[in-house]
Every structure is written in C-alpha cells, then in structure tokens.
Amino acid sequence: MHEDLNPEQRKAVQTLSGPLLVLAGAGSGKTRVVTIRIAELIQRGVTPSRILAVTFTKKAAVEMQERVSALLGTRLQDRPVVSTFHAHCVRILRRHIRRLGYPERFAIYDRGDQESIARSVLREIKVPGSLLRPGDLLFLISRWKTMCLRPDAAASLAQTDKEHLAAMAYRRYQNTLKVAGAVDFDDLLLLTEQLLETDAEVRRDEAARFDHLLIDEYQDTNGSQYRIVRALARDHQNLCVVGDDDQSIYGWRGAEVQHILRFAEDWPETTVVRLEHNYRSTAAILERANQLISYNKMRYDKVLRPARPGGENPKIEQFANETAEAKSVVSEIKRFLDSREWEPNDFAILFRTNEQPRAFETELRRLKLPYVLIGGMSFFDRKEVRDVFAYLKLLASPQDEVSLLRIINRPPRGIPQGVVQRLTDKAVSNSTTVWNVMTQRENLGMLPGPKQAAIETFVALINRARADLKTKSIVEVVRTLISNIQYQSEIDRQYDDPNERESRWNVVEEVVNAIGVYEKESRKPTVSGFLDEILLSQRDFSDEKENQLKRNGIVLMTLHSAKGLEFPHVYMVGMEEGLLPHHRSIKATDDAIDEERRLCYVGVTRAEERLTLTMALTRMKWGKPRETSPSRFLFEMIGQADKATDTRKSPGPPRRQKQSAPRRHKR
DNA sequence: GCACTGACCGTTTTT
DNA sequence: CGGTCAGTGC
C-alpha cells in the first residue's frame, strides 16, 4: 500500500501504537500522510469509529473526512470521527454537563454575544471605555480561561488596575452566562477540562470511547486543549500529534509552541518522525525560507529539503509608496494573465494587516481584474444575520437574555430603552430572567398601558412561533416570524440605496435557506440543533472562503489566513519594519518577533513557483505619509541580518513626540 | 426613537 | 483617513 511514500512518510504512517510526534515541515504532504495513516489503522483492524482525529478548523475537518472516505471507499458503515476540538467538547459536555449545574441543552454564545455581555457588564460597574474596552476585557477573560483560572483566582493574580477591573467584570460576565444557561467558546474547553479533571468516572468513560487519537496542527494547541488531550490519551497512549513548530502563529491567542517542543518529554515512549522533504516549492524559494527560520531560537532544528530543484530566485522590490507598490504588482499579474498560461487564482497577494489590501483593490478594479478578498467582515458579523440568529436563539430558549435584549425592540415595537431597563431591574431583583418577568402579568402593572400591550404582543409573537414549531417546519415558522415583524420594511426604512437594501435582505434569505437545507438533511431537526450545527459542526453555510476561492480571482488575504494553502505565484507585500514584524510585536518581547518571523515563514512557504517580496519606502498612515525601513526579515532571508536597521534597541532618529498632553480622560 | 456630531483609535482571528 | 460609539438635541 502507498508505494510512493518516502521512508520518513512510511514510518509516520506505520507507527501504529504508542505516542507519535510527526514534525511535518511546510509542504511535506502532511495532510496526505495523516489520511493514509488513518486508513492504515483501519486496514490493520482498528474499528473506524474508535479513531478520533482532531483538526483546528471546521474546514480542515470536512476536508479530512472527505479524503478519508475517498481513500476507504463507501464500503464502511462505520467511520472515523473527525472533529474540531470545540465540537468534540460539545459532545462530551452534552453527556455530562449536568454535573456542573448547567442544562444539558446549554446555549453557545459566539463572539458577538460575548461582546454584548462585555459591554453591559462594563456599563454596570461603570468602567469607562478609556480604561478598559470590551475587546480588552474579552481578551483577558479568554486568557484566564485558557489558563484555567476562575474569577477569584484571576482577581488574586491581577496586578495592574486594568486587570483588577477586568477580574471584577469577569465575575459578572461569568454570572451572566451561568444564569442564561450559556457557555462561550472558551468555556467549552474549560468546562470539559474541569469535568475530565475532577470526575474520574467521566474521564475514564470519555477516554475509553477511542483507541486512537490524532491531533493536527498541534503547534496551535492552547493550554486547555493540551490538558484535554492528555486526559483523553493517558490510558491507551495511542496519541499521534502532527504539526510544525515553525508555523505556530497563534501565540497571541493562547497557543503555545512549548506543547509541541516538549511532546517527547511529556510522553516518554514517543517515536519522532520528521517530514523534511518539501514537495511544494522550488529550491530557490526554500533556501530563503530555511535561512529566515534559522534565526528563531526555540525550535526543532530542521531543514526543509527541496524535492524540486532550481527555480527562479525570489525577487525583492522597493517602491516609492504603497500606490506604486500596488500598481507594479497588479500590472505584473496582468501580464502573466494576458499570456494565458495562468488563472487568476494562481496568484496570491499576502499582507499583514487589513488596511493594506485597499491600494491593491483599487488597482485591481481599475484594471478590471477579478479578485477575492478573504476575511474582512464575516457573515456572522452582519447586523441582519445577528438579528435573525437572535430570534432563532429566542425560539430555542426564551431565557436567552442576550438575544432577547438584542431584538426586544428591533424592529421598533414600542418597548423603549427605559422600559427594558425596568424589566431588567425587576429580573435582577427577583433573580429571574427578563422573559419570566415579561410573561407574568402582575409584573407589568408598573408600566403604562400601551407599553404593557406592546410587551404582551411581543410575548405572544414569540410564544406563537414556538407553538407553531410543534406542527410546522422550522423554515415555515421562521418565514412567518420574519414577515410578522416586517423585517424587510425595516431594512427599506433604514437604507435608501436599493442595492444595499437588496444585499441586506439577501443575507436574511440566505439564513432562511440554510435552515431549509439543514432541515432537509437532518433526521430530527430542531432550532437549537441548527444553531449548534452552524456554530460548531462541519457544515458551514456561509463558507465564503470556499465559494470565493472557487470564483477564480486573484487572492488577497492576510498571512494568517494563508496557512495551509499554496499558490504558484505569491506576492508578499509591505515587507517593512513596523508592518512585518508588526510594531506591537517589536515593542513586546523577542518571542513576539519570533512569531512574526514564523508568520513571514508561512508566507514564503506558500509559494510554489515564484515569490516576490515588495515594500514601500513611504507609507500613508492615518492620513500622513511616513518613512519606512525594510523588514529585518528581508535581510535575514538573504543572509545579511547584520545590515538590518535595528529599530528595537537603538534610540533611533529623534522621534517627534506625539502631542500626548491633553488627550485622554475626556468623557 | 433617530439623525447628527465629535471624540477616539488603529494587528493577526477561529471556535 | 475612516469606522465606531457615546452623547446631544429634536
């Protein structure tokens, strides 16, 4: 089987028991090796459903599931479980979360929900935005949760004022979730970890469900994930982790390279397999990549060996400003396209920050070239999507406070802010939920007649829809609901531009269609089942990334989103100090610079045939042109690191002091 | 409830 | 520069 594998790959595939660390360099055919390994396990008699493969993203899970099925054919009734960390944790929690005092059908709050809670919590404890913004708070909470710290522990460890405030807010934040019977994404991991840690029976039960565990992108696991893996694999030790320490680029959100670096110490029986042949890029490109990454201190020492000799040397180009940079790159791509040898999606323009693509978009539009900008505003961040989802969540559970407060007066139905405030106060003082307050008539006595009527109409609307769910299809109920609240006329009222009206309404329709698809494919469809599916499962109706790549345009995306992809022609633009490495990383520790270097490495190793690195000598920043200097990574790549201008330690040219005197504290 | 104004701020992003 | 958000006045 699989004669075309090289000896390293074969070893990775065939080491069937005990801990296995596969150090897979960029472009080494990692995905293929993992897939074949799963197939091999099954061929040697392992029951498919007793294999658990964990991936980092939904997309990766879907792809792996498809590859495995393709390899094994359809003869199997039984399949290996391929899942993301979070989705697997949900399954564990559904089975046992009662022990932690949560309802079995707990709701999962996404980023947007988290933000509204953060906002209201900060309002409650009267913290001005200048001290601690919702984003900062959520960042800290997330960090604490990954470190397995509860509010009390966080409070006692807090050092700065900011951290003390955040710890206070954390307590309230967590309380809000608990009362609503909801968890956030970090809780999925944290609570699972807690269950496995404190309840020996649960741990044994969950660990015994699988005989083999495979973890992909192991370099990106955070503390919780690490401990969960340990708890699940402890008994059988059949743990295969795959990853590349040089591609760890998510440290800023809690991933720790240390996990992959220390793996062999954690699991003493470990077999280590290194995949160091690169089948993707030419030798010329790989040489640059190897040079660059050798400047990182903490790493497995490895050198990618090219399977494709020769190749064009990567170009480094300087331009006067970002407009010239964009013009040159885009017109070069146009020449390639005119030659008809390449398709638009053979080209990728990679950048560090989201303001960079603007100049390129302008230029691409001017030359009428098709392009796709990956990332940006996600489907879920759209106001309309959030509204419809809030209604859905309310149908699933009216106790869902965050969703209720979002749409209680949207579209406007005569329940103004002041009334909502009184309802909330009442709920707090009765230690119940706003929904319960609204549904008990005696609670509404304090309000003037029309407001009472408005509330009763709203409650009736929701109750009616919930009752209809018993007899009608979800799509039908949701369509009726949306038409009852006259959501479309609300959109028309808010926006004058017909295009905008149409696109916003289309988004609503898309959600409804997705419900239809779910309902057709699911055996026992429920609203909360749909929400789970969309949030966590393998299917993703808004998979814009996928659709967009299929649309065959020149690909514009951040270095972060480029991980795992490959393109014949890659342009890495904005190769400047302050951008890559980003100035916030320069100000921080050396570790942060190392991560930026890995990010650069990820970019370089995306290129198959041609790599072009460009920079602008001046760049507009917040309306003003500013001088730049070449990224230190450019010098490192060509082996002249000593020539880099060190912006880090030398005081540098006398920087104009920003007029920082009377800026803050104006509220 | 809503349109308007001015202050403020600026990395990466998945589940 | 451009987007977001809180505050203001109707």
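So you know, we letter chains A, B, ... as the sequences are listed, proteins then strands, and number each from 1.
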- Using the closest heavy atom to pick a nucleotide of DNA chain B for each, name whichever of A:R413 or A:I249 lands nearer the 5' end. A:R413
- Quick one: is A:T84 getting a side-chain N or O under 4.0 Å of the B:dT14 phosphate, OP1 or OP2? no
- Query: In whole angstroms, how far is the C1' atom of B:dT12 from the CD atom of A:E596?
  - Reply: 8 Å
- For A:T558 and B:dT13, is the shortest distance between a side-chain N/O and OP1 or OP2 below 4.0 Å? yes
- Check the side chains of A:E325 and A:T614 for a donor-acceptor pair under 3.5 angstrom, ignoring hydrogens and angles. yes
- Between C:dG3 and A:R358, is there an OP1 or OP2 to side-chain N/O distance shorter than 4.0 Å? no
- Across the strands shown, which category fits A:F56 at heavy-atom distances under 4.0 angstrom: base, sugar-phosphate, nothing? sugar-phosphate
- Query: Please give, in whole Å, the distance from B:dT14 C1' to A:L535 CG?
  - Reply: 11 Å
- Query: With under 30° as parallel and over 60° as perpendicular, where do the rings of A:F530 and A:F389 fit, or are they tilted in between?
  - Reply: parallel
- Between B:dG1, B:dT11, B:dT12, which one does the side chain of A:P412 approach most closely? B:dG1
- Measure from the side chain of A:R133, starting at C-beta and using heavy atoms only, and say which of B:dT11, B:dC9, B:dT15 lies closest. B:dC9
- Query: Atom CD1 of A:I92 to atom C1' of B:dT15: distance rounded to whole Å?
  - Reply: 15 Å
- Query: Once you round it to whole Å, what is the distance between P of C:dA6 and CG of A:L122?
  - Reply: 11 Å
- Query: So, do A:H582 and B:dT11 meet the stacking rule of ring centres under 5.5 Å and planes under 30°?
  - Reply: yes
- Message: Using only atom types and a distance under 3.5 Å, with no angle test, would you say the side chain of A:E322 pairs donor to acceptor with the backbone of A:Q356?
- Response: no
- Task: Could you work out which one of B:dT15, B:dT11, B:dT14 sits closest to the side chain of A:R253?
- Result: B:dT14
- Query: OP1, OP2 of B:dT11 versus side-chain N and O of A:R352: anything below 4.0 Å?
  - Reply: no
- Task: Please state how far atom CG in A:L536 lies from atom P in B:dT14, giving the value in whole angstrom units.
- Result: 14 Å
- Query: Whole Å only: how far is the CH2 atom of A:W252 from the P atom of B:dT12?
  - Reply: 8 Å
- Does a nitrogen or oxygen in the side chain of A:N354 sit under 4.0 Å from OP1 or OP2 of B:dG10? no
- Item | Value in whole Å for how far the C1' atom of B:dT14 lies from NE2 of A:H86 | 8 Å
- Roughly, in whole Å, what's the span from CG in A:L191 to P in B:dT15? 20 Å
- Per nearest nucleotide of DNA chain B, the residue lying toward the 5' end, A:G414 or A:R111, is A:G414
- Considering only side-chain heavy atoms of A:P416, which listed nucleotide, B:dG1, B:dG10, B:dT13, is closest? B:dG1
- Task: Please work out if A:R119 contacts a base, only the sugar-phosphate, or nothing of the nucleic acid, heavy-atom cut-off 4.0 Å.
- Result: sugar-phosphate
- Would you say the side-chain atoms of A:D220 and A:Q225 include a donor-acceptor pair closer than 3.5 Å? no
- Query: Can you check whether A:Y250 stacks with the B:dT14 base, using ring centres under 5.5 Å and planes within 30°?
  - Reply: no
- Message: Check for me whether the distance between the ring centres of A:H582 and A:W252 falls short of 6.0 Å.
- Response: no
- Query: side-chain hydrogen bond (donor to acceptor under 3.5 Å, both in side chains) between A:Q219 and A:E217: does it pass, once the steps are laid out?
  - Reply: CA-CA 5 Å; A:Q219 78 280 0; A:E217 307 284 13; 2.9 Å; yes
